[in-house]
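Structure first, then comments.
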Amino acid sequence: MKAYNGYEELAHTADWALRVWAENLEGLLATAAKGMHALAAVKMKAENDFVHRFSLPIHDRENLLVDFLSEIVYIWDTKHYGIHTYELLKEGEVLKVTLTGAEIIDIKKEIKAVTYYDLKIMDTIEGLEAVVVFDV
């Protein structure tokens with residue numbers, strides 16, 4: 001039986017794929033981000049000296065997942081920070097996000113983009129599950 005929150009890398013022909021599962025939407029987003037950090041082998045300094053706050057509209061779960069992970073890839077590329085902690089709060093049709101992180105020491109594998117390829121967030125008995133494909 002799977003834990004309520006987790007991820008696993010899946011074999012994919014050209015890109016990377018990650019299966020993610022969690023009890024709720026906020027957990028799914030945070031777990032997907034942790035899995036994305038692991039896939040890219042992001043190494044960060046231990047101390048948290050970076051805080052990034054933003055909001056995302058919740059039109060649908062799939063767009064929210066792609067937008068959330070894409071924001072993290074943007075932070076990697078432009079600010080050179082990785083994320084240690086995720087504070088996610090749904091308020092009506094908006095997700096308020098506070099990310100805390102540290103300077104990136106190294107990224108072994110570059111992720112160019114989060115894709116919509118076969119993306120569907122599915123309701124399960126345990127919560128939610130999705131497969132996310134990353135363009136590398």
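These numbers come from the heavy atoms of this one structure, side chains and all, not from hydrogens, waters or symmetry mates.
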Residue among Val42, Val73, Asp135 satisfying side-chain contact (heavy atoms from CB on, under 4.5 Å) with Ile111: Val73
Phe134 vs Leu39 side-chain heavy atoms within contact, under 4.5 Å: yes
Lys96: side chain to side chain donor-acceptor pair (under 3.5 Å) partners, not counting sequence neighbours: Glu91
By side chain to side chain donor-acceptor pair (under 3.5 Å) - contacts of Asn63 (at least two apart): Asp60, Tyr116
Closest heavy-atom pair and its distance - Leu119, Ala130: CD1-CB, 4.5 Å
Gap between atom CE of Met44 and atom CD of Glu103 - 0.5 Å precision: 11.5 Å
Shortest non-hydrogen contact from Leu64 toward Pro57: CD1-O, 3.9 Å
Thr98 side chain to Glu87 backbone, donor-acceptor under 3.5 Å: no
Trp16 to Lys109 - nearest heavy-atom pair and separation: CH2-CB, 2.7 Å
Residue pair Leu65 / Leu69, side-chain heavy-atom distance below 4.5 Å: yes
Least distance between heavy atoms, Asn5 atom then Ala22 atom: OD1-CB, 2.9 Å
Heavy-atom pair of closest approach, residues Tyr81 and Ile75: O-CG2, 3.4 Å
Minimum side-chain heavy-atom gap Val131-Asp118 below 4.5 Å: no
Shortest non-hydrogen contact between Leu18 and Ala32, atoms and distance: CD2-O, 3.8 Å
Path from Phe54 to Val114 over hydrophobic side-chain contacts below 4.5 Å: yes
Flag side-chain contact, heavy atom, 4.5 Å: Leu28 against Phe68: no
Glu62 side chain vs Ile121 backbone, donor-acceptor pair below 3.5 Å: yes
Note, Leu95 side chain near Asp67 side chain (heavy atom, < 4.5 Å): no
Atom pair CG/NZ of Asp77 and Lys79 - distance to nearest 0.5 Å: 11.5 Å
Between NZ on residue Lys34 and CD1 on residue Ile83, distance to nearest 0.5 Å: 12.0 Å
Cluster link Ile72 to Ile105, ILVMFWY, side chain under 4.5 Å: no
Set of residues satisfying salt bridge (charged side-chain N to carboxylate O under 4.0 Å, His left out) with respect to Asp123, sequence neighbours excluded: Arg61
Minimum side-chain heavy-atom gap Tyr86-Leu99 below 4.5 Å: yes
Lys108: partners by salt bridge (charged side-chain N to carboxylate O under 4.0 Å, His left out), with sequence neighbours left out: Asp106
Geometric class of the Phe50/His52 ring pair [parallel <30°, tilted 30-60°, perpendicular >60°]: parallel
Any residue meeting ring-ring contact (aromatic ring centres under 6.0 Å, His included) with Tyr74, in chain and number order, not counting sequence neighbours: none
Pairs involving residues 26-48, ordered by first then second residue, that meet ring-ring contact (aromatic ring centres under 6.0 Å, His included) (sequence neighbours left out): His37-Trp76
Leu25 side chain reached by Leu128 side chain, heavy atoms, under 4.5 Å: yes
Check: Lys45 main-chain N/O paired with His84 side-chain donor or acceptor under 3.5 Å: yes
Rounded distance (nearest 0.5 Å) linking atom CG of Leu29 with atom CD of Glu71: 12.5 Å
